[in-house]
Peer 1: 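First the structure, then my questions, so here it is.
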Amino acid sequence: MAESQCSGCPSASSCSAEQRENCSSAQGPQSMLEPANKYSKIKKVIGIVSGKGGVGKSFVTASLAAAMKKAGYSTGIMDADITGPSIPKMFGVQGEAYGNAEGMILPLETKDGIRLISISLLMEDPSDPVIWRGPVIGGAVKQFWTDVVWGDLDYLLIDMPPGTGDVPLTVFQSLPVDGIVVVTSPQELVQMIVTKAFRMAAMMDIPVLGVVENFSYLKCPDCGKQIRLFGESHVQEAAKELGIPVLGQVPLDPKMAQAADEGEFYQTEHPYLQKAVEVLSSMIR
């Protein structure tokens, strides 16, 4: 029986077994995943996403990282929100990240030991705007994966910019994301926000671990009553329709805002994210 010919071969003659094994057309679609460097051993990569801006995605990323660290897990944050980096300031991390003898980038650490890389740590003046086009931003995010010496980490949390544009697409295609956490707010458009992020993840074959609602309520300091500043929550209905769990409902807390402004976020406690911690912890047990 004649050996079959690969569809991409220019010659009409049949291909040998060895030729077919090395032929890209015979191997099917090629992976776009970028390899991590030899100094990085990361067990789980988790993306923190939102369908729109203004829902406190960076706040939730920082909160979840702090909670995972307090639970005993080695944790890192990749600040992939290139044009709006805020994570370093929240943790009081200042200075420039430098490279080693091999040209790899060394992340800085928060006071509680969370490893962190952000574009603001690679600029002489962190207040300078990053005016880059999409492909350049995507390239920077890839370098945060391939060129940063993350070391041994249980979890690397990726704080992604809002929406479904270049950077989320680059992260999903280029990094081995094990799952995403969707961040939203209590307004009625929550269903649209969650569904948009959910569908993008589904198209990229990325598991959705659950949703976190931020700005859920404000607790009155005098009577303890929960004040729904943004209206009644709709996150339970949205999560049920998509078949994903609610991982936490985070209230507005002036103390949290103050800690972030003063660079002392590492001192905060996050009991409202206990379910999120449990879900992430179960991934490496």
Side-chain angles (χ1 to χ4, degrees), residues 34 36-37 39-40 45-66 75-151 153 156-175 183 214 256-268:
E34 296 284 344
N37 60 71
Y39 300 111
S40 298
V45 178
I46 309 297
I48 313 298
V49 307
S50 64
K52 65 177 292 294
V55 298
K57 173 184 47 55
S58 295
F59 173 83
V60 171
T61 302
S63 299
L64 187 54
T75 306
I77 303 176
M78 178 193 295
D79 189 355
D81 195 351
I82 302 296
T83 59
S86 58
I87 298 289
K89 177 175 173 54
M90 295 176 68
F91 285 97
V93 176
Q94 299 176 343
E96 289 187 59
Y98 292 97
N100 61 13
E102 298 179 57
M104 299 288 182
I105 304 170
L106 303 175
L108 299 185
E109 286 195 5
T110 66
K111 290 185 178 180
D112 59 343
I114 296 173
R115 292 168 206 162
L116 172 62
I117 196 66
S118 172
I119 197 66
S120 65
L121 301 178
L122 299 172
M123 303 173 66
E124 290 186 9
D125 186 350
S127 64
D128 285 343
V130 178
I131 309 175
W132 294 349
R133 293 191 182 276
V136 180
I137 295 175
V141 172
K142 288 182 183 179
Q143 281 190 288
F144 284 173
W145 173 255
T146 60
D147 295 359
V148 173
V149 180
W150 290 107
L153 285 181
L156 176 64
L157 306 185
I158 304 177
D159 180 27
M160 290 199 276
T164 55
D166 284 344
V167 173
L169 183 60
T170 295
V171 170
F172 287 161
Q173 290 182 329
S174 304
L175 277 60
V183 181
N214 198 22
M256 291 287 188
Q258 182 179 355
D261 287 343
E262 295 177 354
E264 297 180 348
F265 207 75
Y266 59 91
Q267 296 182 348
T268 56

Peer 1: Quick check against the 3.5 Å criterion: does Asp159 have a side-chain atom that pairs as donor or acceptor with the backbone of Ile48?
Peer 2: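 Checking the backbone N and O of Ile48 against the side chain of Asp159, no donor-acceptor pair under 3.5 Å is found.
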Peer 1: For a side-chain contact (heavy atoms from CB on, under 4.5 Å) check, start with the C-alpha distance between Trp132 and Ile119, then their side-chain angles and the critical distance, and finish with the verdict.
Peer 2: CA-CA 12 Å; Trp132 294 349; Ile119 197 66; 3.6 Å; yes
Peer 1: For residues Val141 and Val167, report the shortest heavy-atom separation together with the two atoms involved.
Peer 2: CG2-CG1, 3.9 Å
Peer 1: Run Ile87 and Ser118 through side-chain contact (heavy atoms from CB on, under 4.5 Å) and show every step you take.
Peer 2: CA-CA 8 Å; Ile87 298 289; Ser118 172; 5.8 Å; no
Peer 1: Any side-chain to backbone donor/acceptor pair from Asp147 onto Ile105? Under 3.5 Å, distance only.
Peer 2: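 Side chain of Asp147 to backbone of Ile105, a donor-acceptor pair under 3.5 Å: no, none is there.
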Peer 1: Check Ile82 against Ala140 and note the closest heavy-atom contact, atom names and distance.
Peer 2: CD1-CB, 4.4 Å
Peer 1: Kindly determine whether Phe144 and Ile158 satisfy side-chain contact (heavy atoms from CB on, under 4.5 Å), including the steps that lead there.
Peer 2: CA-CA 10 Å; Phe144 284 173; Ile158 304 177; over 6 Å; no
Peer 1: If you take all heavy atoms of Thr268 and Ala259, which pair is closest and at what distance?
Peer 2: CG2-CB, 3.7 Å
Peer 1: Answer yes or no: is there a donor N or O on one side and an acceptor on the other, between the side chain of Trp150 and the main chain of Pro107, under 3.5 Å?
Peer 2: no
Peer 1: Tell me, do Pro88 and Leu116 make a side-chain contact under 4.5 Å, heavy atoms counted?
Peer 2: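 Answer yes - side chains close enough.
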Peer 1: So which heavy atom on Ile117 is nearest to which on Ala97, and how close?
Peer 2: CD1-CB, 3.9 Å
Peer 1: Find the distance between CE (Met104) and OG1 (Thr146) and round it off to the nearest 0.5 Å.
Peer 2: 7.5 Å
Peer 1: Could you tell me which non-hydrogen atom of Gln94 sits nearest to which non-hydrogen atom of Leu108, and how far apart they are?
Peer 2: O-CD1, 3.7 Å
Peer 1: Within the 4.5 Å heavy-atom criterion, are Leu175 and Met78 side-chain neighbours or not?
Peer 2: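 Heavy-atom side-chain distance check passes, below 4.5 Å.
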Peer 1: Hey, does the side chain of Lys57 reach the backbone of Met160 with a donor-acceptor pair shorter than 3.5 angstrom?
Peer 2: yes
Peer 1: Does Ser86 offer a backbone N or O that forms a donor-acceptor pair with the side chain of Ser120 under 3.5 Å?
Peer 2: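 Answer holds: no.
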Peer 1: In this structure, are over 12 heavy atoms from other groups packed under 6.0 Å from Gln267 atom CD?
Peer 2: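 Correct, the count exceeds 12.
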Peer 1: Check the pair Val93 / Tyr266 against side-chain contact (heavy atoms from CB on, under 4.5 Å), numbers first and verdict last.
Peer 2: CA-CA 11 Å; Val93 176; Tyr266 59 91; over 6 Å; no
Peer 1: For a quick test of reading the model, state the closest non-hydrogen atom pair linking Asp81 to Pro161 and the distance between them.
Peer 2: OD1-CB, 3.6 Å
